[in-house]
Amino acid sequence: MTKVRTRFAPSPTGYLHIGGARTALFSWLYARKMQGDFILRIEDTDRERSTQASVDAILEGMQWLGLDHDEGPFYQTQRFDRYKAVIQQLLDQGDAYYCYCSKERLETLRESQWAAKQKPRYDGLCHGRTDIPEGAEPVVRFRNQQEGTVIFDDRVRGTVIFNNSELDDLIIARSDGTPTYNLTVVVDDLDMEITHVIRGDDHINNTPRQINILRALGQKPPIYAHVPMILGDDGKRLSKRHGAVSVMQYRDEGYLPDAVLNYLVRLGWSYADQEVFSREQMQALFDLKDVNKAASTFNTEKLQWLNQHYIKEMPASTIAEHLQWQFNDQGIDTRQGPAVTDVIDALKERARTLKELAAAARYFYQDFDTYDEKAAKKQFKQGTAEVLAALHEGLGTVDHWDLEPIHAAIMQVCKALDLKLGKVGPPLRVAVTGTAMSPSLDVTLKLIGKQRTLERIEKAIDYIK
RNA sequence: GUCCCCAUCGUCUAGCGGUUAGGACAUUGCCCUUUCACGGCAGUAACCGGGGUUCGAGUCCCCGUGGGGACGCCA
């Protein structure tokens, strides 16, 4: 049995978006599961739109997600000689021909066909043409046979049949001599010995054309697997031109790559009732035959749930590495203050994203001059200053600044003032955090530290007066 | 318009001829609770429509409807 080889072949005309990432994930998973190779290929034959910045963005996205490739990245622009040779071969064989039709004529042709309620297609005017117009820069068209059918067994769609009569003679080389997609993809998948072509189902219509080119070259087609699209909230396909979000934007928003991967893998694929998959489990359990046929809609809320799951389950030290980006972004310096891992343990059950987590951690590292308006209004009233003063005194006597003594000191103040904890805790929380929500008080105070706690209580007393 | 593809709770999905149609997210209620969360328990919620096939259809077939895609000297 030959080794499985899959590939991801984006065109560098934008960042790596969430739909492309899912396609890449499926290709990568299948290769890993089958202990095959995963190849990265950059389809940059469109010189007009391809940019180095896009190549870099795609590479960065793949790396962030941890989708490592075994070969590549290969660039199609570096393989022009090879394509040229294949085009010449097709020309020599009579499977391709020069076409001198102007863009204007083609445009007119399409319009009239549309008006006649027909499928727009090239009419084959230049096939067999012997006169060569003066100064024309011809394109090369592949001669598609008109009889018979193309049948392929798609791993997710099942048997797919096309009538050759639906296909027209497609352009395989532009007038400047550069090759186009349907030619390069065939040549590359052949040369790179790709066994399984896993791609978005927007390519399903291209497949019979590619198979015909393959036949003309005397080669056998690879196995195809067309995975469904991901739709945006509006039900429209997610694409670069339509509302797709860069995977790097998910990092910026505070999502863990494992959460994004886990979310993505369950979009269009399932394994009974299981929702959470480690990378290893995905690789072991993924199978093309379990991929859905229907398009699915992206749902951020479920991603958030998974993200929090990973924030809670992963080691705090690992979270800390990813969190550093957010601290930098939010201008929080964590070099002074409690250990980041302790802060993570205290806050991880209250944050769905790392962005939220970093924001919630701010008061552990920075003093503040203002209080949350609603919280201050509700908790700072007449008499609160006295309560805080008592807390200041009580906490001031705590020598061993730890959970138990802190808790005992607070309870002692409650007892002395004959107040319930519900009257003492909330104002203390606002005083030391500036907000109405935080982890439990003993944990919060411990992490803030004795010195800072006492200072902030004093400050709050001044503020109330 | 032509061709192709698709169709189970709001969303992601399980189901592979006989199920009280299951799970997850979201949502609602209750419990836990010094706040916010977490957690626990319970609930609301779906087979697009119409014809067949069959003793029996969410499951198979056909038609309709709806949605998506392709129809480029883009990929």
Side-chain angles (χ1 to χ4, degrees), chain A residues 9-13 43-46 48-50 76 99 101 103 106-107 110 113-121 137-141 154 157 160-163 165-168 170-182 184-185 199-208 226 228-229 231 233 235-237 240-241 263 266-276 292-306 308 312 347-352 360 375 378-379 410 414 420-430 433 435-442 444:
Chain A
S11 64
T13 54
E43 308 215 326
D44 55 353
T45 55
D46 185 352
E48 303 272 307
R49 279 181 278 205
S50 299
Q76 294 190 320
C99 170
C101 293
K103 288 181 182 179
L106 296 176
E107 185 56 35
R110 268 193 285 270
Q113 287 168 329
W114 185 283
K117 302 192 173 187
Q118 291 172 337
K119 187 175 183 173
R121 56 207 304 281
E137 288 189 319
V139 299
V140 177
R141 284 183 187 271
D154 191 287
R157 302 306 171 121
V160 182
I161 305 173
F162 281 88
N163 283 316
S165 57
E166 292 296 330
L167 276 25
D168 65 352
L170 65 152
I171 293 173
I172 55 175
R174 302 182 180 90
S175 48
D176 66 0
T178 59
T180 63
Y181 169 71
N182 279 299
T184 58
V185 72
R199 62 191 359 174
D201 70 8
D202 49 335
H203 284 295
I204 225 170
N205 286 282
N206 287 324
T207 306
H226 288 95
M229 310 264 78
L231 273 25
D233 290 330
K236 292 264 192 276
R237 170 195 167 193
K240 279 169 191 168
R241 14 165 112 108
Y263 178 72
R266 280 285 290 106
L267 220 47
W269 174 80
S270 63
Y271 186 75
D273 284 342
Q274 190 170 339
E275 295 288 349
V276 178
N292 262 209
K293 294 183 197 173
S296 42
T297 307
F298 195 89
N299 182 233
T300 306
E301 283 164 338
K302 187 159 183 181
L303 205 211
Q304 289 179 329
W305 170 75
L306 271 168
Q308 179 168 51
K312 287 190 294 184
L347 292 171
K348 63 187 180 186
E349 286 173 350
R350 301 154 226 273
R352 291 180 301 180
K378 188 176 179 189
Q379 301 304 154
I410 293 172
C414 290
K420 288 190 174 175
L421 184 55
K423 293 288 178 190
V424 175
L428 174 59
R429 171 171 285 109
V430 178
T433 69
T435 74
M437 46 196 168
S438 82
S440 66
L441 282 167
D442 46 1
T444 305

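Here is the naming used below: chain letters follow the sequence lines, and residue numbers restart at 1 for every chain.
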Colleague: What is the distance, to the nearest angstrom, from the CD atom on A:Gln304 to the P atom on B:C12?
Modeller: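 From A:Gln304 CD to B:C12 P: 17 Å.
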
Colleague: Between N or O atoms, less than 3.5 Å apart, protein on one side and nucleotides 20-24 of chain B on the other: list the pairs.
Modeller:
{"from": "B:G22", "atom 1": "N2", "to": "A:Asp273", "atom 2": "OD1", "distance (Å)": "3.0"}
{"from": "B:G23", "atom 1": "N2", "to": "A:Glu275", "atom 2": "OE2", "distance (Å)": "2.9"}
{"from": "B:A24", "atom 1": "O4'", "to": "A:Glu275", "atom 2": "OE2", "distance (Å)": "3.4"}

Colleague: Provide the distance between the two P atoms, one in B:C25 and one in B:G43, to the nearest whole Å.
Modeller: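 Each nucleotide's P atom is 16 Å from the other's.
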
Colleague: When you compare B:G72 with B:G15, how far apart are their C1' atoms, in angstrom units rounded to a whole number?
Modeller: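 Their C1' atoms lie roughly 42 Å apart.
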
Colleague: From C-beta outward on A:Arg350, which listed nucleotide comes closest to its side chain: B:C73, B:C36, B:A75?
Modeller: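 Side chain of A:Arg350 sits closest to B:C36.
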
Colleague: Between B:G23 and B:G40, how far is it from one P atom to the other, in whole Å?
Modeller: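 So the two P atoms sit 15 Å from each other.
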
Colleague: Could you measure between the two P atoms, the one in B:C5 and the one in B:C63, and give it in whole Å?
Modeller: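 Looking at atom P only, B:C5 and B:C63 are 12 Å apart.
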
Colleague: Could you work out, with side chain to side chain donor-acceptor pair (under 3.5 Å) as the rule, every residue matching A:Ser440, not counting sequence neighbours?
Modeller: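 For A:Ser440 the side chain to side chain donor-acceptor pair (under 3.5 Å) partners, ignoring immediate neighbours, are A:Asp442.
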
Colleague: If we take the P atom in both B:G66 and B:C48, what is their distance in whole Å?
Modeller: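 Pairwise P distance, B:G66 against B:C48, rounds to 16 Å.
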
Colleague: Rounded to whole angstrom, note down the P distance from B:C38 over to B:A24.
Modeller: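 It works out to 16 Å between them.
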
Colleague: Measure from the side chain of A:Leu106, starting at C-beta and using heavy atoms only, and say which of B:G1, B:C73, B:U11 lies closest.
Modeller: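 The nucleotide sitting nearest to the side chain is B:C73.
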
Colleague: Below 4.0 angstrom from OP1 or OP2 of B:C12, is there any side-chain N or O of A:Thr297?
Modeller: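 For B:C12, OP1/OP2 do have a side-chain N/O of A:Thr297 under 4.0 Å.
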
Colleague: What residues form a side chain to side chain donor-acceptor pair (under 3.5 Å) with A:Gln308, not counting sequence neighbours?
Modeller: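 Result, side chain to side chain donor-acceptor pair (under 3.5 Å) vs A:Gln308: none returned.
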
Colleague: Under 4.0 Å: is that the gap between some side-chain N or O of A:Arg110 and OP1 or OP2 of B:C71?
Modeller: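 For B:C71, OP1/OP2 do not have a side-chain N/O of A:Arg110 under 4.0 Å.
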
Colleague: Using a 4.0 Å heavy-atom cut-off, write out nucleotides 27-34 of chain B from 5' to 3' as B (base contacted by protein), S (sugar-phosphate only) or - (no contact).
Modeller: -------B

Colleague: Under 4.0 Å between a side-chain N or O of A:Thr45 and OP1 or OP2 of B:A75?
Modeller: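 For B:A75, OP1/OP2 do have a side-chain N/O of A:Thr45 under 4.0 Å.
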
Colleague: Paired with B:U35: which nucleotide, if any, by Watson-Crick or G-U wobble criteria at under 3.5 Å for both distances?
Modeller: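 Its partner is none (no Watson-Crick or G-U wobble pair with both distances under 3.5 Å).
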
Colleague: Atom CD of A:Gln304 and atom OH of A:Tyr263: how far apart are they, to the nearest 0.5 Å?
Modeller: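 So the gap between those two atoms works out to 10.5 Å.
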
Colleague: Side chains of A:Ser165 and A:Asn163 only: does a donor on one sit below 3.5 Å from an acceptor on the other?
Modeller: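 No, because no side-chain N or O of A:Ser165 sits under 3.5 Å from a partner of the opposite role on A:Asn163.
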
Colleague: Would you say A:Gln118 has more than 12 foreign heavy atoms packed within less than 6.0 Å of its CD?
Modeller: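 Above 12, so yes.
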
Colleague: Does A:Thr444 form a side chain to side chain donor-acceptor pair (under 3.5 Å) with A:Ser438? I'd like the steps, not just the answer.
Modeller: CA-CA 7 Å; A:Thr444 305; A:Ser438 82; 3.2 Å; yes

Colleague: Report yes if the side chains of A:Thr435 and A:Val430 come closer than 4.5 Å at any heavy-atom pair, otherwise no.
Modeller: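 No, every pair of side-chain atoms sits at 4.5 Å or beyond.
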
Colleague: Ignoring backbone atoms, establish whether A:Asn206 has a side-chain N or O less than 4.0 Å from OP1 or OP2 of B:G69.
Modeller: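 Indeed not, no polar side-chain atom of A:Asn206 lies that close.
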
Colleague: Return the polar atom pairs (N/O with N/O) between nucleotides 5-8 of chain B and the protein under 3.5 Å, or none.
Modeller:
{"from": "B:C5", "atom 1": "O3'", "to": "A:Arg157", "atom 2": "NH1", "distance (Å)": "3.3"}
{"from": "B:C5", "atom 1": "O2'", "to": "A:Arg157", "atom 2": "NH1", "distance (Å)": "2.1"}

Colleague: Going by an N to O cut-off under 4.0 Å, is there a salt bridge joining A:Arg141 and A:Asp168?
Modeller: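 Here A:Arg141 does not pair with A:Asp168 in a salt bridge, since their nearest N and O are not under 4.0 Å apart.
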
Colleague: Can you check the distance between B:C73 and B:G67, where both ends of the measurement are the P atom (answer in whole Å)?
Modeller: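 Their P atoms lie roughly 29 Å apart.
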
Colleague: Would the base of B:C12 count as contacting A:Ser296 through its side chain, where contact means a donor and an acceptor less than 3.5 Å apart?
Modeller: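 Side chain to base: no pair below 3.5 Å.
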
Colleague: According to the Watson-Crick and G-U wobble definitions, with both distances under 3.5 Å, which nucleotide is paired to B:G10?
Modeller: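 B:C25 - that is the nucleotide pairing with B:G10, both distances being under 3.5 Å.
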
Colleague: CD of A:Glu107: more than 12 outside heavy atoms within 6.0 angstrom?
Modeller: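 Yes, enclosed.
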
Colleague: Using only heavy-atom distances, decide whether a donor-acceptor pair under 3.5 angstrom links the side-chain of A:Arg121 to the base of B:C71.
Modeller: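 Between B:C71 and A:Arg121, which were checked side chain against base, a qualifying N/O pair under 3.5 Å is absent.
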
Colleague: Please state how far atom NZ in A:Lys312 lies from atom C1' in B:G39, giving the value in whole angstrom units.
Modeller: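 Roughly 8 Å, once rounded to whole Å.
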
Colleague: Looking at B:G72, B:A75, B:C73, which one has an atom nearest to any side-chain atom of A:His203?
Modeller: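 Between B:G72, B:A75, B:C73, the one nearest the side chain of A:His203 would be B:A75.
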
Colleague: With sequence neighbours excluded, tell me which residues meet side chain to side chain donor-acceptor pair (under 3.5 Å) with A:Glu275.
Modeller: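 Counting only residues at least two positions away or on another chain, A:Glu275 forms a side chain to side chain donor-acceptor pair (under 3.5 Å) with A:Arg266, A:Lys302.
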
Colleague: Return the nucleotide paired to B:C30: Watson-Crick means purine N1 to pyrimidine N3 with N6-O4 or O6-N4, wobble means G-U with N1-O2 and O6-N3, both under 3.5 Å.
Modeller: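 Pair assignment: B:C30 / B:G40.
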
Colleague: Could you tell me how far B:G22 sits from B:C36 if I compare only their C1' atoms? Round to whole Å.
Modeller: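 One C1' to the other, the span is 33 Å.
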
